[in-house]
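Report on one structure; see the data block that follows.
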Amino acid sequence: MSKLPPKLENLGERTQLVHAGRNPHEQHGFVNTPIYRGSTVLFPTTDDLLNRRARFTYGTHGTPTTEALETAWTQISGAAGTVLAPSGLAAVTLALMAFLKAGDHLLMTDSVYRPTRIFCDGVLKKFGVETTYYDPLIGADIAGLLRPNTAVVFTEAPGSQSFEMQDIPAIAEVAHRHGAVVVMDNTWATPLFFPPHERGVDVAIEAGTKYLSGGSDFLLGLVSANERCFKTLRKTYDAFAMCPGPEDVFLGLRGLRTMALRLREHEKQALDMAKWLGTRPEVADVLHPALETHPGHAIWKRDFKGSSGLFSVVLKPCSDKALAAMLDDLALFGMGFSWGGFESLVVPFDCADYRTATEWAPGGHGLRFHIGLEDLDDLKRDLDQGFARLRDADSRAA
Ligand SMILES: *Cc1c(COP(=O)(O)O)cnc(C)c1O
């Protein structure tokens with residue numbers, strides 16, 4: 001007996017996360033869509049083959065497993081459609097290649113994820129696309145930077161490492177009047193905390209590597225688009241065939257079901273930790289948009305429904321040696337790139353190394369934290385001991 005999955009339109013977000021992209025009674029009642037591996041798809045007749053008359057036609061164009069995640073992501077993003085990519089950065093490059101051509105101009109936020117910048121300055125430049133970096137806080141004044149050939153305005157909020165809040169609706173309104181496509185890297189908030197297409201974004205990118213995984217155990221990218229942009233995005237995806245492996249897509253579906261719970265817990269833990277860090281004598285500034293002291297707080301409050309587990313602090317001036325003394329012997333915080341997993345991480349950063357449109361000179365070392373799911377008291381003790389090593393190293397040097 002066949003039974004249809006529930007209609008999701010009027011259901012809550014958590015119910016949608018649980019049910020989207022699933023049809024158990026099409027697969028012998030098993031709850032999860034299985035991993036379809038494959039290249040060749042067989043057609044029953046010559047006519048079907050010659051006219052590609054089938055739901056699936058070849059491995060690179062999709063399988064029931066990839067379609068399940070695309071459908072679910074489209075649903076929770078409020079998009080017209082979604083394509084997948086083998087990493088978050090692949091999702092970024094796919095979105096840019098889809099909407100830019102030789103002779104075009106690209107407006108790129110100066111606070112963007114650094115590898116996106118490397119793609120613009122290398123590959124896009126080679127193909128005749130000019131990139132102008134702009135101040136992330138520009139808002140509607142972006143009008144002054146738009147040229148007749150500006151095809152894409154790329155945004156990311158909050159900014160990578162430095163957490164500037166962009167006024168996405170204001171930027172989108174100006175860009176749309178000009179005919180440009182608005183792309184956003186929405187990895188920090190996910191569609192659960194920032195519904196991109198409702199806020200004026202045409203094409204939204206998510207590094208599924210982060211919170212869709214929640215376990216630092218796979219790489220995946222997702223690109224959702226509205227009605228205006230999905231066809232072009234899908235055509236470009238099919239041309240590149242940058243498809244992720246089936247295991248990773250399956251793990252993405254698995255992560256999706258619990259993503260809301262995990263995000264809320266990361267949010268709670270990170271807010272508590274950010275406030276605690278704000279009371280530390282070694283800390284000059286906490287860069288977390290959900291704190292009232294953050295310059296972008298009003299925008300965050302207006303446009304976002306939550307905050308995730310990633311934020312930064314600026315330390316009071318100390319030596320590189322003292323910083324290393326703090327970080328090298330942390331027992332619970334790991335040091336390494338990426339984030340979004342169950343484990344807490346810290347990385348030192350310096351935006352001054354690469355920014356071109358804005359100045360980064362906060363007067364002390366930057367530290368970016370991802371707060372995981374450990375007991376907060378344990379994490380605070382680890383940092384407390386780290387700060388003691390930092391003070392010690394600094395006073396010995398003095
Ligand atoms: C991590 C990250 C990416 C890239 O994701 P990968 O899967 O590591 O390639 C893109 N954008 C942002 C904002 C990220 O944090």
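Atoms within a ligand are numbered from 1 in the order they appear, just like the ligands themselves. Small disclaimer: the values here were computed from a predicted structure and weren't measured.
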inquiry  = Can you check which of S338, G88, P86 brings a heavy atom nearest to atom 6 (P) of ligand 1?
reply    = G88
query = Is the F333 to F369 ring centre distance short of 6.0 Å?
reply = yes
query = What closest approach, in Å, do V203 and A95 show between heavy atoms, and which atom pair accounts for it?
reply = CG1-CB, 4.0 Å
key: Nearest neighbour in protein (non-hydrogen) for atom 7 (O) of ligand 1   = T209 OG1, 2.5 Å
ask   = Below 4.5 Å, heavy atoms only, C-beta onward: do P136 and D110 meet side chain to side chain?
value = yes
request  = Enumerate the residue pairs fulfilling salt bridge (Lys or Arg N to Asp or Glu O under 4.0 Å) with a member in residues 130-150, sequence neighbours excluded, ordered by first and then second residue.
outcome  = E130-R147
remark   = Near A207 (heavy-atom distance under 4.0 Å), the atoms of ligand 1 are 2 (C), 3 (C), 4 (C), 5 (O)
query = Do any N/O atoms on K210 end up under 3.5 angstrom from N/O atoms on ligand 1?
reply = yes
note = So the atoms of ligand 1 within less than 4.0 Å of a heavy atom of L89 turn out to be 4 (C), 5 (O), 6 (P), 9 (O)
Closest protein heavy atom (residue, atom, distance) for atom 12 (C) of ligand 1 = D185 OD2, 3.4 Å
Which donor-acceptor pairs under 3.5 Å do the side chains of residues 152-163 make with protein atoms, sequence neighbours left out?
{"unit_1": "T155", "atom_1": "OG1", "unit_2": "V183", "atom_2": "O", "d": "3.0"}
{"unit_1": "E156", "atom_1": "OE1", "unit_2": "Y113", "atom_2": "N", "d": "3.0"}
{"unit_1": "E156", "atom_1": "OE2", "unit_2": "S160", "atom_2": "OG", "d": "3.2"}
{"unit_1": "Q161", "atom_1": "OE1", "unit_2": "Y354", "atom_2": "OH", "d": "2.6"}
{"unit_1": "S162", "atom_1": "OG", "unit_2": "S160", "atom_2": "O", "d": "3.3"}
{"unit_1": "S162", "atom_1": "OG", "unit_2": "E164", "atom_2": "OE1", "d": "2.6"}
{"unit_1": "S162", "atom_1": "OG", "unit_2": "E164", "atom_2": "OE2", "d": "3.1"}
{"unit_1": "S162", "atom_1": "OG", "unit_2": "R355", "atom_2": "NH1", "d": "3.3"}
{"unit_1": "S162", "atom_1": "OG", "unit_2": "R355", "atom_2": "NH2", "d": "2.6"}

Whether F337 lies under 4.0 Å from ligand 1, heavy atom = no
ask   = Hey, which atoms in ligand 1 end up nearer than 4.0 Å to a heavy atom of W339?
value = 15 (O)
ask   = Would one find an N or O of S160, backbone or side chain, under 3.5 Å from an N or O of ligand 1?
value = no
ask   = Any idea which atoms of ligand 1 are less than 4.0 Å away from a heavy-atom of L219?
value = 7 (O)
query = Going through the distances and angles, do E70 and R234 end up as a salt bridge (charged side-chain N to carboxylate O under 4.0 Å, His left out)?
reply = CA-CA 12 Å; E70 287 167 357; R234 181 76 214 190; 3.6 Å; yes
key: Check: Y211 ring centroid to W339 ring centroid under 6.0 Å   = yes
